[in-house]
Each structure stands twice: as structure tokens, then as C-alpha cells.
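See below for the structure under consideration.
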Amino acid sequence: MSSDLMSAAAGDDPAEGLHAVRSLRVLADRLEALHVERARRLGWPWQHIADVLGVTRQAVHKKYGKRFP
Amino acid sequence: MYERFTRSARQAVVWAEEAGRREGADHIESGHVLLGAVHVERSVAARALARLGIEPDSLAECVRSLKTDSLDADALAGIGVDLEAVRAQVEATFGAGALDAATRPRRTKGHVPFDPAAKKMLELALREAIRFRSKGIDTGHLLLAAARLDGAAAQKALAWFGHDRKAIEDAVVAAWADAGE
């Protein structure tokens with residue numbers, strides 16, 4: 001994927017590249033939500049999830065605390 | 001306000017609600033209402049857009065691409081990400097439909113509320129009806145409202161085709177002159 005990714009990211013049509021970036025972001029967000037939910041079900045503490053995601057505990061709790069308590 | 005809606009305008013709202021429910025959206029958005037107005041056959045909105053040379057399908061495509069949470073399979077394919085493969089993998093772990101349901105509460109039946117922009121669109125349609133001293137609120141007023149809805153998907157989608165508010169208003173007025181709804 002990475003060589004293709006580089007070629008599209010450096011491609012000459014900005015619209016295409018930007019569309020791809022946006023979809024990647026949406027995809028990442030959805031995958032994150034699914035995995036956070038699963039981790040919570042498996043009993044992971046927020047701190048642990050935050051460490052793996054590379055964000056603060058507050059950030060991940062604020063984003064998902066209500067949905068996956 | 002609904003009692004002032006013409007038959008076509010009511011059909012447009014029903015279409016919007018059905019589209020939102022079908023997509024599993026958590027809100028009816030301005031784009032749904034705009035597409036509803038255009039999808040009612042021979043409606044003022046449909047005829048006005050035809051005058052502007054805007055195809056309902058391209059408008060629908062445009063609204064879709066403006067949705068903030070859309071996954072564009074073609075765009076992803078362009079950078080070598082196979083969305084179907086990702087979907088299959090995710091569903092193997094999280095169950096059928098997991099990827100599409102991940103961002104929103106699952107709402108398959110019951111009432112889907114209008115989001116603030118869609119509510120605003122209905123209010124603006126009422127205002128347009130008053131401005132034109134119209135008897136009822138029709139799909140033409142909904143289209144005029146969409147064109148005034150700064151920042152919302154419905155307005156952006158219309159703007160994408162390069163017609164300003166005045167051009168849209170002229171097309172609506174001409175469609176009214178053709179024949180009433």
C-alpha cells in the first residue's frame with residue numbers, strides 16, 4: 001500500500017488526493033471506535049487504550065466515555 | 001408549518017425521511033430534503049434544476065461526497081486501499097455491517113430527527129413563501145431555502161454547479177410560471 005499511497009498523495013490531482021485523505025481519516029475514525037469499544041468490553045482501562053493510541057487518557061475518555069462506559 | 005406545505009413539498013419531506021432511515025443516518029440533513037424536493041416528479045424544484053442543467057443524479061452524487069463521514073471506495077482504491085477487503089476483515093471480527101455502523105447509533109426504525117440545518121431549511125422555505133406571497137410552501141421554496149443555507153451540504157452542493165442564488169431564484173420563478181405544482 002505504501003508506494004501507492006505515496007504516488008496518490010504526490011499525484012497531480014489535488015481533488016483525488018484530498019478525497020482519499022478524507023476517506024482514510026473516516027476509515028481510521030471508524031476502526032478506532034470499533035477497537036475502543038472492544039477494548040472496553042474486554043475490560044481495558046482508559047489509560048491503557050490511550051497509551052496504545054498515543055493520546056492522553058482525557059482525550060480518549062472525552063471522545064468515547066459516554067458511548068462505551 | 002407542515003399544514004402550509006403543498007402535496008409535492010410533503011412528498012419531498014417524506015422522501016428525505018425515508019432516505020435518512022435507509023442510510024441509517026442519525027439525522028435528516030439538508031441534503032436529504034434538497035434531494036427529496038428534486039426527486040418528486042415534475043415538481044417545481046425538479047423543473048427549476050432541469051432549467052439550470054443540473055441532473056438529479058449528479059446532485060445526489062455531490063451531496064453524498066459532501067457528507068463529512070462518507071467512505072469513498074474509489075478514492076481509497078486510488079491510493080491502493082481496497083475498501084471491500086477492509087470491510088470483510090472488519091466484519092469478520094466485529095460482525096456484519098460493523099464498519100458502516102461504527103460512527104453512529106444504530107437507528108433502523110422509528111423517528112429520525114431533523115438536524116439544525118434541515119430545520120433551518122424548512123423555516124427559510126416558509127420565509128421564501130412569505131416573500132413571494134405564495135399560498136403554500138412548495139418544492140420551489142425548499143430549493144430557494146437550500147440556496148440560502150450558508151455552510152450546509154444542500155447549499156454547497158448547489159454552489160458546486162456554479163449557479164448563484166439569483167440564477168436559482170430565476171429558475172424557480174420560471175418553473176412556477178410554467179405550471180403550478
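A note on names: the letters A, B, ... follow the listed sequences, proteins ahead of strands, and every chain is numbered from 1. No hydrogens, no waters, no symmetry mates; every other heavy atom, side chains included, goes into these values.
- In the hydrophobic clustering of this structure, B:I130 groups with B:V173; members are Ile, Leu, Val, Met, Phe, Trp, Tyr whose side-chain heavy atoms approach within less than 4.5 Å, directly or through other members.
- Sorted by first and then second residue, the salt bridge (Lys or Arg N to Asp or Glu O under 4.0 Å) pairs involving residues 111-120 of chain B (not counting sequence neighbours) form an empty list.
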Kindly list each side-chain donor-acceptor pair under 3.5 angstrom involving residues 47-59 of chain A, sequence neighbours excluded, with atom names and distances?
residue: A:Q47; atom: NE2; partner: A:D51; partner atom: OD1; Å: 2.9
residue: A:T56; atom: OG1; partner: A:A59; partner atom: N; Å: 3.0

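- The nearest pair of heavy atoms linking B:A75 to A:A20 is O-CB, 3.5 Å.
- Between the OG atom of A:S23 and the CD1 atom of B:I79 there is a distance of 8.0 Å, given to the nearest 0.5 Å.
- At least one side-chain heavy atom of A:L27 sits under 4.5 Å from a side-chain heavy atom of B:L99.
- Contacts of A:R38 with chain B are made by side-chain atoms alone, with heavy-atom separations under 4.5 Å and no backbone atom involved.
- In terms of hydrophobic clustering, with Ile, Leu, Val, Met, Phe, Trp and Tyr side chains grouped at heavy-atom distances under 4.5 Å, B:V40 and B:L52 are assigned to different clusters.
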